[in-house]
Amino acid sequence: MKKRRNLIFGLVVFLVLIVGAAFTTKHFIDKKVANNQRIVATSAAITEIFAKLDINLVGVPKTQVALPAKYLKVARIGSPMKPSVEKIASLNPTHVYAVSTLKDQYDDAFKDQSMDVIYLKLDSVAQLEGTLTSLGKKYYRQNQAATQVRLIQNAVNRAKKRIHGRKPTVLILMGLPGANYMILTNKSYLGNLVQIAGGKNVYQSNSQIYLSPSNESLATKNPDVILRLEHALPKVTLPQFKEEFKKNPVWNKMKAVKDHRVYDLQQPDFNASANMNVQDALHKLSYWLYPVK
């Protein structure tokens with residue numbers, strides 16, 4: 001009887017070892033496959049995310065923003081707004097990543113090449129944290145992802161601790177070369193940063209991220225703070241903002257202009273999409289909204 005029990009126990013131990021070895025082997029193979037993926041990032045924000053996760057890329061965008069040194073010798077695939085689909089295809093990518101706000105703009109061009117694109121939602125800090133976590137899991141970079149999420153959450157907590165008294169009202173503008181500017185609502189990434197830092201966006205929406213400006217609408221607003229995102233081509237958009245504020249009388253009537261609380265948001269800290277500079281962005285924004293505590 002004792003021999004039989006020992007035999008059964010020995011078989012159980014053997015099976016456990018076999019299963020464990022199989023699991024370890026699978027994990028090793030899956031990790032090796034993940035590390036050998038040919039990944040293309042089409043925006044600076046996505047490129048920075050992959051850099052923080054220590055993931056190799058075969059294609060990155062051509063942009064005025066300085067990209068991580070890790071990718072200095074990586075092939076450029078064109079501007080984030082209009083990447084070269086042909087160049088991307090020539091890199092034989094296994095995965096192409098883009099921000100979800102450009103889906104309509106990208107879809108047709110990539111479909112012509114029968115190329116699938118993975119769209120990442122980066123319209124809020126929470127979505128950035130979710131993206132880090134999911135990519136960390138997919139590419140076996142859980143520790144790196146957890147570290148970045150923790151740093152972001154610490155920055156959020158610091159900003160929230162500075163909130164006091166009446167919440168300042170905020171108007172957010174995004175400069176566009178040749179098209180002057182658009183208004184960013186609470187559904188935008190910057191709108192989310194303002195909310196976290198304790199501000200109230202004067203333009204609220206249930207679904208829209210961007211709104212077209214009109215003097216009639218702006219005349220009904222009197223924000224405490226105005227944020228002007230330079231966005232693409234700041235050498236063009238910043239002079240456009242200055243000319244607009246100089247010539248259009250609607251601005252001089254606003255409290256933010258009278259109190260000199262108009263701030264120009266520059267890359268890399270500020271962007272239309274959530275990026276890995278969120279800690280610095282929240283720190284600056286917190287002190288603009290609450291200069292004294």
Side-chain angles (χ1 to χ4, degrees), residues 43-45 63-65 79-82 99 101-102 104-105 122-124 167-275 277 280-291:
S43 77
T63 173
Q64 292 185 343
V65 178
S79 73
M81 298 301 292
K82 196 173 181 180
V99 292
T101 50
L102 294 176
D104 291 341
Q105 188 169 324
L122 296 172
D123 298 328
S124 70
K167 289 188 175 184
T169 54
V170 184
L171 170 63
I172 312 172
L173 309 175
M174 182 176 73
L176 298 172
N180 211 348
Y181 67 95
M182 296 288 284
I183 291 169
L184 293 178
T185 73
N186 58 300
K187 289 295 182 181
S188 66
Y189 167 58
L190 287 178
N192 181 241
L193 285 184
V194 165
Q195 181 181 7
I196 290 171
K200 183 179 179 181
N201 197 320
V202 294
Y203 280 95
Q204 300 284 313
S205 174
N206 292 325
S207 58
Q208 289 181 277
I209 293 176
Y210 310 103
L211 295 175
S212 298
S214 74
N215 280 350
E216 292 76 11
S217 175
L218 288 169
T220 67
K221 312 297 181 184
N222 191 28
D224 298 305
V225 176
I226 296 176
L227 304 175
R228 305 189 304 197
L229 176 64
E230 294 180 4
H231 196 42
L233 300 177
K235 291 182 179 180
V236 175
T237 55
L238 183 56
Q240 282 181 180
F241 271 136
K242 290 182 177 179
E243 187 69 12
E244 164 68 17
F245 273 60
K246 180 180 178 180
K247 287 189 172 183
N248 191 341
V250 72
W251 303 109
N252 291 327
K253 298 176 183 178
M254 293 185 180
K255 188 176 186 299
V257 175
K258 293 177 183 178
D259 293 345
H260 305 289
R261 297 185 71 185
V262 179
Y263 303 100
D264 291 309
L265 279 53
Q266 300 172 334
Q267 295 178 320
D269 290 344
F270 295 96
N271 208 328
S273 299
N275 60 37
N277 296 91
D280 292 332
L282 270 176
H283 177 77
K284 291 179 179 179
L285 190 54
S286 175
Y287 279 85
W288 288 337
L289 298 186
Y290 296 94

Who passes side chain to side chain donor-acceptor pair (under 3.5 Å) against E230, sequence neighbours left out? Q266
Identify the heavy atoms of Y290 and G198 that sit nearest to each other, and give their distance. OH-O, 2.7 Å
Under the salt bridge (charged side-chain N to carboxylate O under 4.0 Å, His left out) test, which residues partner K284, sequence neighbours left out? D269
Kindly say whether Q208 contributes a backbone atom to a donor-acceptor pair with the side chain of T185 at under 3.5 angstrom? yes
Closest approach of N277 to N275 (non-hydrogen atoms, all atoms of both residues): N-OD1, 2.9 Å
Flag yes if more than 12 heavy atoms outside N206 fall under 6.0 Å of its CG atom; otherwise flag no. no
Pairs in or reaching into residues 205-227: which pass salt bridge (Lys or Arg N to Asp or Glu O under 4.0 Å), with residues at least two apart or in two chains? R166-D224, D224-K255
With D104, which residues qualify under side chain to side chain donor-acceptor pair (under 3.5 Å), at least two apart? none
Mark yes or no for whether S217, through its side chain, and S214, through its backbone, hold a donor-acceptor pair below 3.5 Å. no
Check the pair I172 / I183 against side-chain contact (heavy atoms from CB on, under 4.5 Å), numbers first and verdict last. CA-CA 6 Å; I172 312 172; I183 291 169; over 6 Å; no
Parallel, tilted or perpendicular: which fits the ring planes of W251 and F245, with parallel below 30° and perpendicular above 60°? parallel
Can you run down the ring pair (Phe, Tyr, Trp, His ring centres under 6.0 Å) pairs that involve residues 254-275, sequence neighbours left out, and say none if there aren't any? Y263-W288, F270-W288
Reported NZ-to-OG1 distance for the pair K242 and T237, which is rounded to 0.5 angstrom: 10.5 Å
Tell me whether Q204 contacts the main-chain N or O of N186 through its side chain, where contact means a donor paired with an acceptor under 3.5 Å. no
Check against side-chain hydrogen bond (donor to acceptor under 3.5 Å, both in side chains), N215 and N248: CA-CA 9 Å; N215 280 350; N248 191 341; 2.9 Å; yes
Apply salt bridge (charged side-chain N to carboxylate O under 4.0 Å, His left out) to K247 and list each qualifying residue two or more places apart in sequence or on a separate chain. E243
